[in-house]
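Both ligands and their constituent atoms are indexed starting at 1 by order of listing.
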Amino acid sequence: MRTAYRVETVRAAERELMERLPEAALMQRAAAGLAAACAELLDRVYGSRVVLLVGSGDNGGDALYAGARLARRGAGVAAVLLSPGRAHPAGLAAFRRVGGAVVEPGRAEDAVARADLVVDGIVGIGGKGGLRPEAAALARAAAASRAAVVAVDLPSGVEADTGEVRGEAVRADLTVTFGTHKPGLLIDPAREHAGSVRLVDIGLDLPADGAELEALQHADVARLLPVPAAESDKYRRGVVGVAAGSDRYPGAAVLAVAGALRGGAGAVRYVGAAGDAVIARYPETLVSATGPAKAGRVQAWAVGPGAGEDAATVAEVVAAEVPVLIDADGLRLADRDAVRARTAPPLLPPHAGEAAALLGVSREEVEAGRLTAVRELAEAYRATVLLKGSTTLVADPGGAAPVRVNATGTPWLATAGSGDVLSGVAGSLLAAGLSARDAGSVGAYLHGLAGRLAARGAPVRAHQVAEAVGLAWRDVVRG
Ligand SMILES: NC(=O)C1=CN([C@@H]2O[C@H](COP(=O)(O)OP(=O)(O)OC[C@H]3O[C@@H](n4cnc5c(N)ncnc54)[C@H](O)[C@@H]3O)[C@@H](O)[C@H]2O)[C@@H](O)CC1
Ligand SMILES: Nc1ncnc2c1ncn2[C@@H]1O[C@H](COP(=O)(O)OP(=O)(O)O)[C@@H](O)[C@H]1O
Ligand SMILES: [K+]
């Protein structure tokens, strides 16, 4: 499991560790990791041109100490000091001792333009809001130059705790972060500014139950996948009910069933107007002619994809005793009070547009503040909410558990019907006995990986994503 902690938790762990260590030891650990990552990126340190962008806090201190290390290895290192009188004194002294140069005011953008590597030590976890104007000008110069950009701890200007980017921010090729990931490194739009992320262990002791975010890895997913035992039969493996599709949108039913057949349940039962289309494509489906309430034994329902205006079916599913997933048209048609009144919180997987409609805000607002949006929705609907998109987030109501983040996906998944496949996969996992939180996050993990495997860098259709879920499953199990 990969975890990310909020700034206040990082600072508390840092204080506790500093009491036991000699002065500046932590910063030296950070700088050593940072310099090593820079050296790797440069390939040849000797003779390379490195420019440090140095703010007035400890983030700038890290950059200065790392710059001193690179200078000792023969790089030509110059520092741009944003507030010359307030740069980290010991870091600056160490940098000057090895012959590091300070760039004169007025020459900074020119130096950045000619650099091989720019180290962004403007601001780290002490940052507030977007970059101030002088810093923003340097970020633009770095983006315009051919230099590689390495961010220290975080790309300057992004919000560490939320992943929001409220103004201008540095765009890095690599971010070297210390002690733990910060939420902003895993959630868009900030994640996109970070480039690839390398974590340097500086010995911080973080509380096991205090993470803000967690990201499942292959091994975590492998442990959660439902695997039939010797005594299993199709009922024990779980029957998932899919209530989807309409005369107008029969394809959504086929795609949701395609996902459900590959999500680990023992059988898929279908109710709705698209029974003929479903059975033609998937003869293994149990098609019922009734509504959900009379359809027969089901351990979980997935309702909503392509449902059109069929509010009655959605209401029957919302009233069901078993776990339910409510998606797409179902999100619009479901009665909020009935959703909130359920004993077992349902799983709701909106995309940003659907989430915006449920919250009564704009889509842009949801995309700019994904973490806030997913938490608010989970509270408003007393539901486990899976907010889809470039970084998928899964939040439980109550706010106590870390939000799960999934990054296995690819933008190729932004294709019509791929969300219907996810509904089927996650519904199937619910029927197999996973909690809403696990079904959502394991479903998103498999679906994202399936998208990647199916696309391999080219356009992909939703059906191919469903077909690749088995490949993703095997990939996870193999480790
Ligand atoms: N907390 C930890 O565990 C460790 C922290 N270290 C480093 O220390 C950093 C935190 O240092 P600080 O607390 O001194 O804070 P920072 O250096 O992150 O930021 C504070 C400085 O940034 C300026 N600033 C704030 N918002 C700005 C904006 N929007 N535009 C331009 N400038 C802005 C402030 O005026 C202040 O001078 C970490 O990010 C990391 O790089 C490491 O040295 C090792 C351990
Ligand atoms: N930029 C992106 N990067 C990664 N995954 C994405 C991106 N955009 C969309 N997706 C994924 O693609 C799927 C699209 O679902 P959805 O928007 O509901 O499509 P549809 O309604 O056509 O089925 C979701 O799983 C979502 O997370
Ligand atoms: K930084």
R336 NZ/CZ over Y381 ring centroid, <6.0 Å and within 45° of normal: yes
Would you please say whether a donor-acceptor pair under 3.5 Å links the side chains of [X] and [Y]?
X: T313; Y: D310; result: yes
X: S48; Y: D116; result: no
X: H218; Y: Y445; result: yes
X: R281; Y: H463; result: yes

Can you report which non-hydrogen protein atom sits closest to [atom], along with the distance?
atom: atom 18 (O) of ligand 1; value: G124 N, 2.6 Å
atom: atom 8 (O) of ligand 1; value: D58 CB, 3.1 Å
atom: atom 21 (C) of ligand 1; value: G57 N, 4.0 Å
atom: atom 22 (O) of ligand 1; value: V123 CG2, 3.5 Å
atom: atom 5 (C) of ligand 1; value: E14 OE2, 3.7 Å
atom: atom 13 (O) of ligand 1; value: R11 NH2, 2.9 Å
atom: atom 38 (C) of ligand 1; value: D153 OD2, 3.2 Å
atom: atom 11 (C) of ligand 2; value: L413 CB, 3.7 Å
atom: atom 32 (N) of ligand 1; value: R132 NH1, 3.5 Å

Taking non-hydrogen atoms only, is [X] closer than 4.0 angstrom to ligand 1 via side chain, backbone, both or neither?
X: L154; value: neither
X: R86; value: side chain
X: I125; value: both

If you take the nearest heavy atom of each of [options], which one is closest to [atom]?
atom: atom 6 (N) of ligand 1; options: D62, N59, T177; result: D62
atom: atom 28 (C) of ligand 1; options: G130, A135, A63; result: G130
atom: atom 6 (C) of ligand 2; options: G389, G409, G417; result: G389

When you look for heavy atoms under 4.0 Å from ligand 2, do you find them on the side chain of [X], its backbone, both, or neither?
X: T392; answer: side chain
X: D327; answer: neither
X: H351; answer: side chain

Quick one: does G179 get a heavy atom under 4.0 Å from ligand 1? no
For G55 and ligand 1, answer yes if some heavy atom of the residue is under 4.0 Å from a ligand atom, otherwise no. no
Do R437 and L347 have side chains that get closer than 4.5 Å, going by heavy atoms? no
